[in-house]
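A quick write-up on the structure given underneath.
Small disclaimer: the values here were computed from a predicted structure and weren't measured. Each ligand, and each atom within it, is numbered from 1 in the order the structure gives.
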Amino acid sequence: MKNKIIAGNWKMNKNQEQTIAFINDLKPLVKDTKNTVIICTPYLDLEQAVCLTAGTNIHVGAQNCHWAESGAFTGEVAPSMLKEIGVEYVIIGHSERRQYFGETNKTVNARTKAALEAGLKPIVCIGETLQERESGKMEEVLASQIKEGFEGIDEEQLRRTIVAYEPVWAIGTGVTATNKQANDAIAFCRKQFVELYGNDEAQKLYIQYGGSMNASNASGLLLQSEIDGGLIGGASLDAEKFATVVNAHKN
Ligand code: 13P
């Protein structure tokens, strides 16, 4: 089994002072893990986070980036700007961005390509709503999110990309997918990548689970053969709880 990649998505939480306190608390708690640890902070906390984690095993990610290199896009941030300040990862296509900010598979694809071209490692989010799951459309939705979201992305770029399967109904609701639901959905996603990139690449690809993952359910989820890590929202805001998730799986 692979070591896991555990990423915290802080969403729109924590100011600079809280960022400093969190990182100082987290550092000693995760220093011995073999898993990869990432914190995805709001834009304004990124530079601080990069400085404070230098020389540690904690990596820093943003929560979005634009697809253009520069230009008249008021309020947006270019991938190269993130790269310049030492950011390594970037979440793309989170369901909250799809729901509130009009992200589509097409914009997810454009942002992912731009992030890769700038040398960032994208964490591309996919996942079905409750209505889609209950009406039997889950597989169709996931398949098109993958097909359209990864169009034109080559094998070398896929190796620098992480996928996060986040069922929308499990995000922030306290309703976690069961171990089996999460494992089965991720197995289905991996099958789509087998078709697009072949078995070798698809097996190497990291596919995380996200949605109400926390200190109590993380070890069960991370034991599943298809689940290569977690993208954690609420439980990533507290250093001790997040560290428990990071340390939940040992190879
Ligand atoms: P919660 O862990 O708060 O459900 O959020 C998951 C998520 O959206 C991570 O990107």
Next on the checklist: For the CD atom of Gln18 and the OG1 atom of Thr41, what is their distance to the nearest 0.5 Å?
Outcome noted: 12.0 Å
Checklist entry - Looking at CZ of Arg190 and CD of Gln203, how far apart are the two atoms once the value is rounded to the nearest 0.5 Å? => result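 One finds 5.5 Å between CZ of Arg190 and CD of Gln203.
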Checklist entry - Among Lys121, His59, Glu88, which one satisfies side chain to side chain contact (heavy atoms under 4.5 Å, CB included) with Ile38? => result His59
List ligand 1's nitrogen or oxygen atoms that come under 3.5 Å of a protein nitrogen or oxygen, with the partner atom and distance.
unit_1, atom_1, unit_2, atom_2, d
ligand 1, 2 (O), Ser212, N, 3.4
ligand 1, 2 (O), Gly233, N, 2.9
ligand 1, 3 (O), Gly234, N, 2.8
ligand 1, 4 (O), Gly172, N, 2.6
ligand 1, 4 (O), Ser212, N, 2.7
ligand 1, 5 (O), Lys11, NZ, 3.2
ligand 1, 8 (O), Lys11, NZ, 2.8
ligand 1, 8 (O), His94, NE2, 2.7
ligand 1, 10 (O), Asn9, ND2, 3.0
ligand 1, 10 (O), His94, NE2, 2.9
ligand 1, 10 (O), Glu166, OE1, 3.2
ligand 1, 10 (O), Glu166, OE2, 2.9

Item to check | Over 12 foreign heavy atoms within 6.0 Å of CD, Gln48 | outcome: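 Result for CD/Gln48: enclosed.
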Next on the checklist: Glu166 vs Ser95, test: side-chain hydrogen bond (donor to acceptor under 3.5 Å, both in side chains). Steps then yes/no.
Outcome noted: CA-CA 8 Å; Glu166 299 205 302; Ser95 64; 5.1 Å; no
Checklist entry - Are Ile91 and Val245 co-members of a hydrophobic cluster defined by side-chain heavy atoms under 4.5 Å apart? => result no
